[in-house]
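Because the structure is a prediction, the values reported are computed rather than measured.
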Amino acid sequence: MSDDRAENRYDFRAIEQKWQQIWAESGLFRVPDHSDRPKFYALVFFPYPSGAGISIGHCKNYIPLDVVARFKRMQGYNVLHPMGWDAFGQPAENEAIKQGRNPGEMVSEYAANYKRQLNRVGISYDWSREINSSHPDYYRWTQWFFLLLYRRGLAYRGTAPINWCPQCKTGLANEEVVAGQCWRCGTTVEKRPMPQWYFKITAYAERLLAGLDTIQWPEGIKMMQREWIGRSEGAEVDFPVAGSNDTIRIFTTRPDTLWGATFMVLAPEHPLVERLTTPDRRAEVTAYIQKAQRETEVERQATDRVKTGVFLGSYAINPVNNQKIPIYIADYVLMGYGTGAIMAVPAHDQRDFEFARKYHIPITLVYRTDAHQTSETLQQAIPDQGTMCLGPFAGAPNTRDTVRRVIQWLEEQGLGRGVVNYRLRDWLISRQRYWGAPIPMIHCAQCGIVPVPEDQLPVLLPPVEKYQPTGTGESPLAGIPEFVHTTCPQCGAPARRETDTMGGFACSSWYFLRFADPHNDREPFSQRAVDYWLPVDLYSGGAEHAVMHLLYARFWTKVLYDAGLIRFEEPFTRLRNQGMLLAWTPGRRVSAAEAGQTGDETDAGEPIEDWKVLKPEERLTIPEDQWEYRWVKMSKSLRNVVTPDEMAEQYGADSLRLYILFAAPFEETVLWKDAGGVEAANRFLNRVWRIWHDLRPHYRDDWRVHLPATRAGLNADERRLRRKLHQTLRKLGEDIENFRFNTGVAALMEFTNELSAFRNALASTTPTATQQLLISESLETLVLMMAPVTPHMADELWSQLGKPGSTLEQMWPAYEPEAAAEEQITIVVQVNGKVRDRLQVAPDTPQEAIERMALDCEKVRAELNGKQVHRIVSVPGKLVNVVLRESAPGLQ
RNA sequence: GCCGAAGUGGCGGAAUGGCAGACGCGGUGGUCUCAAAAACCAUUAGGGGCAACCCUGUGUGGGUUCGACUCCCACCUUCGGCACCA
């Protein structure tokens, strides 16, 4: 039936180019600020635009969200689907330094390339709302928010020792230290004291925890945030130091074991260490502190190493029994958690137990699991069993309730108080870097720290020749006199500007608000715009941002809520994480020694354990049978990137979109070996194209008027086609809604198969009037169903039906439940749980009739022989299970 | 070590207590063609049988149930996250 006329060829290149141009020229994706339609805000994590451009890995997130955005728009929502650039930060700066270029210029160029690529796959972003976090008209407001936090007492300067990366020559947040190493460059992190700006996120710990119960996020992400916040209930108790006025405050989750505290341990960095060290112990203590400082985080955090520590020479008094107990320092106690000091209860804490055994410190049992148990026979600590055997609570069980009673008792006695402690630490916002938003603060000799007045914002990043880190730990901005020298806004005296810039997470903590009102130059956003668009209804990105970005953004949102700027407390109502895309990558085994070397920076990829990606020259010199392939993430440095451009060129953007959706569930990791899947998608689209054009001559524009009258007269095949059509319409809609794109696409394929069979059955006969109406309904509905998924082809076919405009402006068709209903259902007949037969019945067949038919069918009768029916289990609409039992002996 | 997710044909995957393998890839056979490609049709978990059919089968071993890929217990493997948190 097909012919070779030009219009019958699926020329995806011409079609995609044509429609992308029409969409751009007509402003199809521009979203009105206000509308009578309900709003829907669909957002993807805004990317840092790198020179490598986007790979099909990025598409794994952007394409599905575009499908949802388009679908929602067809459902009648006013959809905000924006995109922008997370342009500040160390990667951009490092790249700029390497290339000797201006980072701003570079980022703009890279962003333009991203934009081109995203347009090439037909993503429906409203580019009129594009934002760039490194533009002054954006970071002006980032600075404005800094001042807001400062005014509310949530930005402060701290001087605690910070993580120092000697490679990046910059401080790192605790969150940015991965396994003791810089998360960017992998260099081992050192400690160095430096005055820093912090945001007091810990003040919001409880609300950040509580808010998690109100949002639709993956449970795994919520759990990670809960763990990160790390709430634990316990008590603070003061231990007086023997023969001194000093007291040591400790935090414990187990105040009920106070009676078993036989020593104390301070972190080596604890401020009291100096004073509590007796002269005879000083040499050893100093040596230990130095050793602990030299140790990397990695070494200190190894859980399985032998506990070490040093006695300070001083004693503390256990407040519950006035026992004199020795004070130690040990590196397993961390200054950053609790109070940096612990009471040690060897009988009930395994770490304390190991320490006590090693240094021959007495062990006192507070709980006993049997009456004869002694501390001498103890093999390991008893954390959560037994009955208390001393003190005023003797006889109490080892439970949370006992802990609570003891806390109450401590408060009554004035010995301690119940407290809630969090693992969460304040957010280090300072960066000693050039490429970030300058912190809008001024240091005045007279007035101290003074905020830059709002009307003087933005504090502009000065153009600069050299933005290499100074190496002294100060920002490159410190080397620019024109920037540093200013006058105090309060007293007018000469003053110095703060030279630290803000870390990138500041920019990304509010960008979702700016999209609502991106060009506002009087305020960060208008109340009206944010009230209409926010919160984000659907947010999607990689799970690697599970904690940091998503926690910081939630924190800012709560602060803005408290400041009365917005009316919601959680920024992202629904969150989804897309799976990774891994590429099958050739490499070679390397020796442990070679893998351990850092190597030169231009090396093809970081070593992954004992394996390295092949460099281009190695691909020529090493024979292929010695290549060892592995699945690794697509990245430019690994030389395994496949770009959407090349896929679009070869198979079409619609084919790529279809493939990404169909390959695997959204959350799953996809393994990329070759373009076979995209090719298959292209084949499917060709098939649709062909079938559709074969039937196109029978299309009647007036089918909606005439179809209802013919419904009663349809034959079985005709009803079958309609049924499949409306079932597909239903399933595809549900699947897009629930992020089950792969089965949604499968449904489209099933319908296509059905339509193909219908076409084949027509053979060369002319369809009846009724059949023409059915064909018309199918052709038009199919185009609309494909619109969110393969928008270029859908718009082309739409125009070939003689209709104006874009499918995006059409309503998503409602399915007819009666048409989608099954006429016959299959009832499975089981005997003892094994399938023996199937019955075709009308859906409304009474249950008794079905059971009678089941018992009556030949297969069941054959099994019945010599047995009796014990029971019949019926599941309406699904199955009948006949449970047989051997006849009782003697009856046979 | 702890927490989480997952394990199904040759491959990607479908089915969340009720027909295991939808849909697609790959394979096989056929139609069309001088031939090939494309397309179309049929077939495709494994084993047995001429056949109708029968048996086995969702990482391994147990359990619950009329019935288990699905729920429970133990273990194995893979991936992700966290790691002395007092």
Shorter than 3.5 Å, N or O on both sides, protein versus nucleotides 15-18 of chain B: list them out with atom names.
{"unit_1": "B:G18", "atom_1": "N2", "unit_2": "A:Gln830", "atom_2": "OE1", "d": "3.2"}

Which atom pairs link the protein and nucleotides 10-12 of chain B when you take only N or O atoms and keep those under 3.5 Å?
{"unit_1": "B:G12", "atom_1": "O2'", "unit_2": "A:Ala663", "atom_2": "O", "d": "2.7"}

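Here A:Arg871 reaches the OP1 or OP2 of B:C66: one of its side-chain N or O atoms lies under 4.0 Å away. OP1 or OP2 of B:A14 has at least one side-chain nitrogen or oxygen of A:Asn742 nearer than 4.0 Å. A sub-4.0 Å separation between OP1 or OP2 of B:C85 and a side-chain N or O of A:Arg425 is absent.
Using a 4.0 Å cut-off between charged side-chain N and carboxylate O, A:Glu206 and A:Arg231 make a salt bridge.
Here the CZ atom belonging to A:Arg226 is positioned 13.5 Å from the CZ atom belonging to A:Arg423, to the nearest 0.5 angstrom.
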Exercise answer: donor-acceptor pairs, residues 869-879 of chain A side-chain atoms, under 3.5 Å, sequence neighbours excluded:
{"unit_1": "A:Ser874", "atom_1": "OG", "unit_2": "A:Gln847", "atom_2": "NE2", "d": "3.4"}
{"unit_1": "A:Ser874", "atom_1": "OG", "unit_2": "A:Glu851", "atom_2": "OE2", "d": "2.6"}

Base, backbone or nothing for each nucleotide of nucleotides 36-47 of chain B, written B, S, -, heavy atoms under 4.0 angstrom, 5' to 3'? ---SSS------
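Scanning for side-chain contact (heavy atoms from CB on, under 4.5 Å) contacts around A:Ala680 gives A:Arg683, with sequence neighbours left out. Qualifying ring-ring contact (aromatic ring centres under 6.0 Å, His included) partners for A:Phe751, counting only residues two or more places apart in sequence or in other chains: none.
Side-chain proximity of A:Val333 to B:A86, B:G13, B:G4: nearest is B:A86.
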